[in-house]
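For reference, the structure discussed in these notes is given below.
All values reported here derive from a predicted model rather than from experimental measurement. The first residue of the sequence shown is numbered 1, and numbering continues consecutively from there.
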Amino acid sequence: MIPILLRQLRWRIAALVLAGFVFYLGDPALHEHPAETPGDVAELLEPFGISFTIANLATVGMVALLAGFIAADRRRGYYRLAFSHPTRPLAFYGLRWVLSLALAMLAGAFFWLFAQLAAWGGIRVGPSFLLQALLLAVVYGGITAFFSALLPRGDAILAVILFFLTDFWLTLVAESPVLPFTPGVRAAISFVLPPHSAVSDVYNALLSGGVAWGAAAYALGYGLFWLVLAGLLVKYREWP
(Lines give C-alpha, C1' and ligand atoms only; values in the text may rest on other atoms or scores of the structure.)
Protein backbone atom coordinates (compact mmCIF):
# COMPACT_ATOMS: atom_id res chain seq x y z
CA MET A 1 0.00 0.00 0.00
CA ILE A 2 2.80 2.43 0.83
CA PRO A 3 4.38 2.23 -2.67
CA ILE A 4 0.95 2.92 -4.18
CA LEU A 5 0.45 5.95 -1.93
CA LEU A 6 3.93 7.24 -2.70
CA ARG A 7 3.24 6.96 -6.40
CA GLN A 8 0.00 8.89 -5.94
CA LEU A 9 1.84 11.57 -3.98
CA ARG A 10 4.81 11.91 -6.33
CA TRP A 11 3.82 15.33 -7.69
CA ARG A 12 3.07 16.64 -4.23
CA ILE A 13 6.45 15.37 -3.04
CA ALA A 14 8.11 17.15 -5.98
CA ALA A 15 6.25 20.33 -5.01
CA LEU A 16 7.48 19.90 -1.42
CA VAL A 17 11.08 19.65 -2.64
CA LEU A 18 10.58 22.85 -4.64
CA ALA A 19 9.04 24.52 -1.57
CA GLY A 20 12.14 23.58 0.43
CA PHE A 21 14.35 25.30 -2.13
CA VAL A 22 12.16 28.40 -2.02
CA PHE A 23 12.29 28.44 1.78
CA TYR A 24 16.08 28.18 1.59
CA LEU A 25 16.28 31.17 -0.73
CA GLY A 26 13.88 33.16 1.42
CA ASP A 27 15.54 32.59 4.81
CA PRO A 28 17.93 35.50 5.49
CA ALA A 29 19.62 33.62 8.35
CA LEU A 30 21.00 31.13 5.82
CA HIS A 31 22.62 33.86 3.75
CA GLU A 32 24.41 35.78 6.49
CA HIS A 33 28.10 34.97 6.89
CA PRO A 34 29.55 36.99 9.78
CA ALA A 35 33.30 37.18 10.09
CA GLU A 36 33.28 35.72 13.59
CA THR A 37 31.78 32.38 14.48
CA PRO A 38 28.45 32.92 16.25
CA GLY A 39 28.34 31.46 19.70
CA ASP A 40 24.69 31.99 20.54
CA VAL A 41 22.10 29.80 18.85
CA ALA A 42 19.45 32.43 19.54
CA GLU A 43 21.37 34.94 17.42
CA LEU A 44 21.22 32.50 14.50
CA LEU A 45 17.52 31.79 14.78
CA GLU A 46 15.97 35.14 15.71
CA PRO A 47 13.58 36.46 14.66
CA PHE A 48 12.59 34.01 11.91
CA GLY A 49 15.58 31.77 11.60
CA ILE A 50 16.09 28.25 10.43
CA SER A 51 13.99 26.62 13.15
CA PHE A 52 10.90 28.57 12.10
CA THR A 53 11.70 27.91 8.44
CA ILE A 54 11.86 24.16 9.07
CA ALA A 55 8.60 24.31 11.03
CA ASN A 56 6.87 26.26 8.27
CA LEU A 57 8.18 23.85 5.64
CA ALA A 58 6.90 20.84 7.58
CA THR A 59 3.53 22.55 8.07
CA VAL A 60 3.22 23.42 4.38
CA GLY A 61 4.26 19.88 3.47
CA MET A 62 1.69 18.30 5.78
CA VAL A 63 -1.17 20.44 4.48
CA ALA A 64 -0.13 19.95 0.84
CA LEU A 65 0.24 16.18 1.18
CA LEU A 66 -3.14 15.83 2.90
CA ALA A 67 -5.14 18.35 0.86
CA GLY A 68 -8.39 16.68 -0.18
CA PHE A 69 -7.22 13.22 0.91
CA ILE A 70 -10.68 12.33 2.26
CA ALA A 71 -12.87 15.00 0.68
CA ALA A 72 -11.69 14.29 -2.87
CA ASP A 73 -12.61 10.60 -2.55
CA ARG A 74 -16.10 11.57 -1.47
CA ARG A 75 -16.51 14.22 -4.15
CA ARG A 76 -15.33 11.99 -6.97
CA GLY A 77 -17.26 8.96 -5.82
CA TYR A 78 -14.13 6.92 -5.11
CA TYR A 79 -14.97 6.33 -1.46
CA ARG A 80 -17.52 3.51 -1.86
CA LEU A 81 -15.61 2.04 -4.79
CA ALA A 82 -12.31 1.91 -2.90
CA PHE A 83 -13.84 0.44 0.23
CA SER A 84 -16.12 -2.06 -1.46
CA HIS A 85 -13.14 -4.36 -0.94
CA PRO A 86 -12.26 -5.52 2.59
CA THR A 87 -10.25 -2.40 3.42
CA ARG A 88 -10.98 -0.35 6.52
CA PRO A 89 -11.30 3.38 5.77
CA LEU A 90 -9.70 4.33 9.08
CA ALA A 91 -6.68 2.13 8.36
CA PHE A 92 -6.32 3.49 4.82
CA TYR A 93 -6.61 7.17 5.74
CA GLY A 94 -4.59 6.65 8.91
CA LEU A 95 -1.76 5.21 6.85
CA ARG A 96 -1.99 8.16 4.45
CA TRP A 97 -1.81 10.57 7.39
CA VAL A 98 1.17 8.86 9.01
CA LEU A 99 2.97 8.64 5.66
CA SER A 100 2.35 12.34 5.05
CA LEU A 101 3.74 13.19 8.49
CA ALA A 102 6.83 11.07 7.81
CA LEU A 103 7.39 12.77 4.44
CA ALA A 104 6.88 16.25 5.90
CA MET A 105 9.36 15.55 8.70
CA LEU A 106 11.79 13.96 6.25
CA ALA A 107 11.66 17.17 4.22
CA GLY A 108 12.27 19.16 7.39
CA ALA A 109 15.20 16.94 8.38
CA PHE A 110 16.82 17.24 4.94
CA PHE A 111 16.37 20.99 5.10
CA TRP A 112 17.88 21.07 8.61
CA LEU A 113 20.97 19.22 7.39
CA PHE A 114 21.65 20.36 3.85
CA ALA A 115 20.57 23.99 4.24
CA GLN A 116 23.08 24.45 7.06
CA LEU A 117 25.84 22.68 5.15
CA ALA A 118 25.15 24.77 2.04
CA ALA A 119 24.93 28.04 3.95
CA TRP A 120 27.52 27.67 6.68
CA GLY A 121 29.56 24.59 5.80
CA GLY A 122 28.68 22.95 9.10
CA ILE A 123 25.96 22.15 11.62
CA ARG A 124 25.17 25.05 13.94
CA VAL A 125 21.60 24.18 14.94
CA GLY A 126 20.97 20.87 16.64
CA PRO A 127 18.32 18.33 15.58
CA SER A 128 16.30 19.02 18.75
CA PHE A 129 14.85 22.04 16.95
CA LEU A 130 12.99 19.64 14.67
CA LEU A 131 10.57 19.20 17.59
CA GLN A 132 8.97 22.52 16.70
CA ALA A 133 8.40 21.29 13.15
CA LEU A 134 6.93 17.99 14.38
CA LEU A 135 4.43 19.74 16.65
CA LEU A 136 3.19 22.13 13.96
CA ALA A 137 2.96 19.28 11.45
CA VAL A 138 0.79 17.27 13.85
CA VAL A 139 -1.37 20.32 14.65
CA TYR A 140 -2.09 21.21 11.04
CA GLY A 141 -2.21 17.60 9.96
CA GLY A 142 -5.01 17.06 12.45
CA ILE A 143 -6.82 20.22 11.40
CA THR A 144 -6.56 19.38 7.69
CA ALA A 145 -7.79 15.84 8.31
CA PHE A 146 -10.81 17.17 10.21
CA PHE A 147 -11.73 19.66 7.50
CA SER A 148 -11.23 17.00 4.83
CA ALA A 149 -13.58 14.60 6.65
CA LEU A 150 -16.13 17.32 7.36
CA LEU A 151 -16.30 19.26 4.09
CA PRO A 152 -16.42 18.26 0.41
CA ARG A 153 -13.66 20.71 -0.54
CA GLY A 154 -11.49 23.55 0.74
CA ASP A 155 -9.75 21.71 3.59
CA ALA A 156 -6.24 22.94 2.77
CA ILE A 157 -7.43 26.50 2.14
CA LEU A 158 -9.18 26.59 5.51
CA ALA A 159 -6.07 25.25 7.24
CA VAL A 160 -3.94 27.98 5.65
CA ILE A 161 -6.49 30.67 6.57
CA LEU A 162 -6.52 29.39 10.14
CA PHE A 163 -2.70 29.56 10.25
CA PHE A 164 -2.60 33.22 9.25
CA LEU A 165 -5.65 34.08 11.33
CA THR A 166 -3.93 32.65 14.41
CA ASP A 167 -0.76 34.63 13.70
CA PHE A 168 -2.86 37.77 13.25
CA TRP A 169 -4.74 37.16 16.49
CA LEU A 170 -1.58 36.55 18.51
CA THR A 171 0.04 39.68 17.05
CA LEU A 172 -3.09 41.68 17.88
CA VAL A 173 -3.16 40.40 21.44
CA ALA A 174 0.56 40.99 21.93
CA GLU A 175 0.65 44.48 20.44
CA SER A 176 -2.75 45.73 21.59
CA PRO A 177 -3.56 44.34 25.04
CA VAL A 178 -6.63 46.58 25.26
CA LEU A 179 -9.16 44.88 22.97
CA PRO A 180 -12.95 45.06 22.80
CA PHE A 181 -13.07 41.64 24.47
CA THR A 182 -13.02 40.60 28.08
CA PRO A 183 -9.95 38.66 29.26
CA GLY A 184 -12.07 35.52 29.38
CA VAL A 185 -13.18 35.89 25.76
CA ARG A 186 -9.60 36.56 24.64
CA ALA A 187 -8.44 33.45 26.52
CA ALA A 188 -11.23 31.36 24.97
CA ILE A 189 -10.36 32.51 21.44
CA SER A 190 -6.67 31.80 22.03
CA PHE A 191 -7.58 28.35 23.39
CA VAL A 192 -9.66 27.40 20.34
CA LEU A 193 -7.13 28.64 17.78
CA PRO A 194 -4.07 26.48 16.94
CA PRO A 195 -1.43 26.51 19.72
CA HIS A 196 1.21 28.70 18.08
CA SER A 197 2.06 30.16 21.48
CA ALA A 198 2.71 26.72 22.93
CA VAL A 199 4.97 25.85 20.00
CA SER A 200 6.84 29.13 20.53
CA ASP A 201 7.26 28.18 24.20
CA VAL A 202 8.83 24.91 23.06
CA TYR A 203 11.20 26.85 20.80
CA ASN A 204 12.19 29.26 23.58
CA ALA A 205 12.86 26.37 25.92
CA LEU A 206 15.07 24.71 23.31
CA LEU A 207 17.12 27.91 23.07
CA SER A 208 18.01 27.52 26.73
CA GLY A 209 18.75 23.81 26.35
CA GLY A 210 15.51 22.50 27.85
CA VAL A 211 12.20 21.11 26.71
CA ALA A 212 8.83 22.66 27.60
CA TRP A 213 7.08 19.33 28.09
CA GLY A 214 3.75 20.86 29.06
CA ALA A 215 3.61 23.11 26.00
CA ALA A 216 4.73 20.25 23.76
CA ALA A 217 2.07 17.93 25.17
CA TYR A 218 -0.61 20.59 24.72
CA ALA A 219 0.32 21.22 21.07
CA LEU A 220 0.50 17.48 20.38
CA GLY A 221 -2.84 16.89 22.08
CA TYR A 222 -4.46 19.71 20.10
CA GLY A 223 -3.48 18.15 16.78
CA LEU A 224 -4.47 14.65 17.86
CA PHE A 225 -7.84 15.93 19.11
CA TRP A 226 -8.81 17.11 15.61
CA LEU A 227 -7.36 13.95 14.11
CA VAL A 228 -9.55 11.79 16.37
CA LEU A 229 -12.60 13.85 15.40
CA ALA A 230 -11.73 13.27 11.75
CA GLY A 231 -11.50 9.54 12.44
CA LEU A 232 -14.91 9.55 14.13
CA LEU A 233 -16.43 11.32 11.12
CA VAL A 234 -14.93 8.74 8.78
CA LYS A 235 -16.14 5.87 10.94
CA TYR A 236 -19.69 6.94 11.72
CA ARG A 237 -20.74 9.41 9.06
CA GLU A 238 -22.94 8.36 6.16
CA TRP A 239 -20.99 8.72 2.93
CA PRO A 240 -22.38 9.18 -0.58
| task | For the pair Tyr24 and Phe21, name the ring-plane relationship: parallel under 30°, tilted 30 to 60°, perpendicular over 60°. | result | parallel
| note | Heavy-atom nearest pair, Ala205 first then Ser208, reads O-OG, 2.9 Å
| message | Show the nearest heavy-atom pair for residues Val139 and Pro194, with the distance to one decimal. | response | CG1-CB, 4.1 Å
| query | Hey, does the side chain of Ser148 reach the backbone of Ala71 with a donor-acceptor pair shorter than 3.5 angstrom? | reply | yes
| request: Examine distances only and state if a side-chain atom of Arg10 and a backbone atom of Leu5 form a donor-acceptor pair shorter than 3.5 Å. | output: no
| Shared hydrophobic cluster, Leu16 / Trp11 (ILVMFWY, side-chain heavy atoms < 4.5 Å) | no
| message | Could you tell me if the side chain of Trp226 sits less than 4.5 Å from the side chain of Phe147, heavy atoms only? | response | no
| task | Taking all heavy atoms of Ala230 and all of Ala149, pick out the closest pair and write down the distance. | result | O-CB, 3.9 Å
| request: Drop me the distance from Thr166's OG1 to Ile189's CD1, to the nearest 0.5 angstrom. | output: 11.0 Å
| task | Mind checking the CG-CG spacing from Asn56 to Asp27? Nearest 0.5 Å is all I need. | result | 9.5 Å
| query | Would Leu6 and Leu103 count as a side chain to side chain contact (heavy atoms under 4.5 Å, CB included) if you check the C-alpha gap in whole Å, the side-chain angles of each, and the deciding distance to 0.1 Å? | reply | CA-CA 10 Å; Leu6 288 174; Leu103 290 172; 4.1 Å; yes
| field | Point-to-point distance, once rounded to the nearest 0.5 Å, from CD of Gln116 to CD1 of Ile123 | value | 4.5 Å
| said: Please check: side-chain N/O of Trp112 versus main-chain N/O of Val125, any donor-acceptor pairing under 3.5 Å? | reply: yes
| remark: Result for side chain to side chain contact (heavy atoms under 4.5 Å, CB included) between Phe111 and one of Ile54, Leu130, Val17 points to Ile54
| request: Could you check Leu150 against Leu229 for side chain to side chain contact (heavy atoms under 4.5 Å, CB included), going step by step and ending with a plain yes or no? | output: CA-CA 9 Å; Leu150 180 68; Leu229 284 186; over 6 Å; no
| query | Side chains of Asp155 and Thr144: is there a donor and an acceptor less than 3.5 Å apart? | reply | no
| Donor-acceptor contact below 3.5 Å, side chain Tyr140 vs main chain Leu135 | no
| note | Shortest non-hydrogen pair, Ala137 vs Met105, comes out as CB-SD, 4.5 Å
| note | Distance col, row Phe146:CZ vs Leu158:CG, nearest 0.5 angstrom, shows 10.5 Å
| field | Non-hydrogen side-chain atoms of Leu101 and Val138 separated by less than 4.5 Å | value | yes
| query | Val63 and Phe163: side chain to side chain contact (heavy atoms under 4.5 Å, CB included), yes or no, with the steps? | reply | CA-CA 11 Å; Val63 173; Phe163 180 92; over 6 Å; no
| Around atom CD1 of Ile2, are there more than 12 heavy atoms of other residues, nucleotides or ligands at under 6.0 Å? | no
| Arg7 side chain to Ile4 backbone, donor-acceptor under 3.5 Å | no
| remark: Scanning both residues in full, the closest heavy-atom pair of Pro89 with Val234 reads CB-CG1, 3.8 Å
| said: With rounding to the nearest 0.5 angstrom, report the CG to CG distance, Asp167 to Leu172. | reply: 12.5 Å
| For atom CG of Leu224, is the number of surrounding heavy atoms from other residues, nucleotides or ligands below 6.0 Å larger than 12? | yes
| task | Please answer: with hydrophobic residues joined when any side-chain heavy atoms are less than 4.5 Å apart, are Leu65 and Val22 in the same cluster? | result | no
| query | Of all heavy-atom pairs between Ser100 and Leu66, which one has the smallest distance, and what is that distance? | reply | OG-CD2, 3.4 Å
| task | Fit a plane to each ring of Tyr93 and Phe69, take the angle between them on a 0 to 90° scale, and name the class: parallel (under 30°), tilted (30 to 60°) or perpendicular (over 60°). | result | perpendicular
| query | Do any N or O atoms from the side chain of Trp97 and from the backbone of Gly141 form a donor-acceptor pair under 3.5 angstrom? | reply | yes
| query | Do Leu136 and Ile161 belong together in a cluster built from hydrophobic side chains that touch within less than 4.5 Å? | reply | no
| Can Ile13 be reached from Leu18 by stepping across I, L, V, M, F, W or Y side chains whose heavy atoms are under 4.5 Å apart? | no
| field | Verdict with supporting geometry, His196 and Trp169, side chain to side chain contact (heavy atoms under 4.5 Å, CB included) | value | CA-CA 10 Å; His196 290 196; Trp169 171 255; over 6 Å; no
| Is Arg96 reaching over with its side chain to a backbone N or O of Ile70, donor-acceptor style, under 3.5 angstrom? | no
| query | Quick one: CG on Leu151 to CD1 on Ile157, what's the gap to the nearest 0.5 Å? | reply | 11.0 Å
